[in-house]
Amino acid sequence: MLIRPATPDDQDSLRRLYLAAFPEAERETVAELAVSLLTTTPETLSLVAEQKGDNGEAGVVGHVALSPVTEAGQPDAVGYLLAPLAVWPDQQKRGVGSRLVEEGVERLRAEGAPLLLVYGDPNYYGRFGFTADAADRYRPPYPLQYPFGWQALALRDRPTPETPLDLGCVAPLCDPRLW
């Protein structure tokens, strides 16, 4: 498996991936988010996992996007948000998603990013060190349907804010349906 930065040429592959991997009620919204983050938000780190198929050609089997978050009203990033993440259904439970998350964390650490946030299943993301306690001082841009899913991972030593920070996100994530 090869993990590489996604390019605009991956748009169709990403759309198909998210349409296949997500439930019907969410698939169109999340597919549009993934493509939009790839094509309109250059500051987002977007990675794909490629694997050779039976025909010998490499195809996209997974994707993750990591976008900067800011203190609301401020220009500088205080961290990144992992969203969305998808793996082809027939490739799930084979470590593809884990490899994407680990590669994303490694790249953000190398860039000096201080924090990675996620809104997802604590059982899954907890394996990588994400905790709700670490996210306690960072308020998401929108009310959460499942507040227990808001988690963070410190990527380097940095003092925790004394008062909670209201976060802002890149434009494609400014949709309350995603939260």
Side-chain angles (χ1 to χ4, degrees), residues 1-39 41 43-69 79-111 113 115-132 134-135 144-146 148-156 169-170 172-173 177-179:
M1 178 178 7
L2 169 71
I3 296 179
R4 64 167 175 81
T7 71
D9 292 339
D10 293 314
Q11 288 180 64
D12 291 339
S13 295
L14 293 187
R15 176 167 288 289
R16 285 191 301 272
L17 168 65
Y18 282 91
L19 291 175
F22 273 75
E24 187 174 343
E26 302 172 73
R27 65 177 56 146
E28 286 291 337
T29 301
V30 182
E32 182 58 37
L33 171 64
V35 171
S36 184
L37 286 169
L38 176 65
T39 58
T41 313
E43 62 271 18
T44 294
L45 173 60
S46 191
L47 302 171
V48 294
E50 279 187 334
Q51 195 163 296
K52 287 190 179 179
D54 293 337
N55 63 3
E57 291 185 30
V60 171
V61 296
H63 171 259
V64 66
L66 305 125
S67 303
V69 291
Y80 281 76
L81 177 68
L82 188 160
L85 170 68
V87 174
W88 271 101
D90 68 352
Q91 296 296 312
Q92 292 176 3
K93 305 213 185 294
R94 295 183 181 188
V96 176
S98 293
R99 291 270 316 275
L100 284 163
V101 171
E102 289 164 355
E103 181 72 17
V105 165
E106 185 177 308
R107 288 180 185 226
L108 291 176
R109 275 196 175 119
E111 291 177 14
L115 178 76
L116 181 58
L117 295 146
V118 69
Y119 178 43
D121 181 357
N123 292 321
Y124 181 76
Y125 291 103
R127 295 186 291 169
F128 306 103
F130 287 89
T131 66
L144 302 175
Q145 184 176 1
Y146 304 104
F148 60 85
W150 187 241
Q151 304 155 78
L153 172 66
L155 300 177
R156 62 184 172 101
C169 55
V170 296
L173 286 162
R177 296 176 301 164
L178 299 169
W179 300 87

task: Any chance you could lay out the side-chain contact (heavy atoms from CB on, under 4.5 Å) test for Gln11 and Leu38, step after step, and finish with the verdict?
output: CA-CA 8 Å; Gln11 288 180 64; Leu38 176 65; 4.1 Å; yes
query: Side chains of Glu43 and Val170: does their closest heavy-atom pair fall under 4.5 Å?
result: yes
task: Return the minimal non-hydrogen interatomic distance between Phe130 and Val118, and the atom names on each side.
output: CD2-CG1, 3.5 Å
- request: Could you pull out all residues at least two apart from Arg99 that satisfy salt bridge (charged side-chain N to carboxylate O under 4.0 Å, His left out)?
  value: none
- request: Report yes if some heavy atom in the side chain of Leu173 is under 4.5 Å from a heavy atom in the side chain of Leu81; otherwise report no.
  value: yes
query: Are any non-hydrogen side-chain atoms of Leu82 and Tyr125 less than 4.5 angstrom apart?
result: yes
- request: Could you pull out the closest heavy-atom pair between Ala34 and Pro84, with the gap in Å?
  value: CB-CG, 4.0 Å
- prompt: Do the non-hydrogen side-chain atoms of Thr131 and Gln151 ever get within less than 4.5 Å of each other?
  reply: no
field: Minimum-distance pair of heavy atoms, taken over all atoms of Thr41 and Pro172
entry: OG1-CG, 3.4 Å
message: Just to verify, which of Leu108, Leu155, Val105 counts as forming a side-chain contact (heavy atoms from CB on, under 4.5 Å) with Tyr80?
response: Leu108
message: Can a donor-acceptor pair be found, under 3.5 Å and without considering hydrogens, that links the side chain of Gln91 to the backbone of Trp88?
response: no
message: Can you tell me if Arg127 has over 12 outside heavy atoms packed within less than 6.0 Å of its CZ?
response: yes
Minimum heavy-atom distance between Pro68 and Thr44, given as atom pair plus value: CD-OG1, 4.1 Å
message: Do Trp179 and Cys169 make a side-chain contact, defined as non-hydrogen atoms from C-beta onward lying under 4.5 Å apart?
response: yes
message: Is there a side-chain contact between Glu103 and Ser98 in this structure, where contact means two heavy atoms from C-beta onward sitting under 4.5 Å apart?
response: no
task: Evaluate the side-chain proximity of Leu37 to Ser67: yes if any heavy-atom separation is below 4.5 Å, no if none is.
output: yes
- request: Could you check Tyr119 against Gln145 for side-chain contact (heavy atoms from CB on, under 4.5 Å), going step by step and ending with a plain yes or no?
  value: CA-CA 10 Å; Tyr119 178 43; Gln145 184 176 1; 3.8 Å; yes
- request: Measure the CG-CD distance between Leu2 and Gln51 for me, rounded to the nearest 0.5 Å.
  value: 10.5 Å
- request: Start with the C-alpha distance between Val101 and Leu85, add both sets of side-chain angles, then the distance that settles side-chain contact (heavy atoms from CB on, under 4.5 Å), and finish with yes or no.
  value: CA-CA 8 Å; Val101 171; Leu85 170 68; 3.9 Å; yes
query: How far apart are the closest heavy atoms of Ala152 and Leu115, and which atoms are they?
result: CB-CD1, 3.8 Å
Donor-acceptor under 3.5 Å (Gln92 side chain, Val87 main chain): yes
task: Check whether any side-chain heavy atom of Leu117 sits under 4.5 Å from a side-chain heavy atom of Trp150, and report yes or no.
output: yes
query: Given the rule in the salt bridge (Lys or Arg N to Asp or Glu O under 4.0 Å) test, do Arg16 and Asp10 qualify, once you have shown the distances and angles that lead to the verdict?
result: CA-CA 10 Å; Arg16 285 191 301 272; Asp10 293 314; over 6 Å; no
- request: Could you list all the salt bridge (charged side-chain N to carboxylate O under 4.0 Å, His left out) pairs where at least one residue sits in residues 19-34, not counting sequence neighbours?
  value: Arg15-Glu28, Arg15-Glu32
statement: Note: Leu66 and Gly104 closest approach over all heavy atoms is CD1-CA, 3.8 Å
Candidate pair Val61 and Glu50, rule side-chain contact (heavy atoms from CB on, under 4.5 Å), full reasoning: CA-CA 6 Å; Val61 296; Glu50 279 187 334; over 6 Å; no
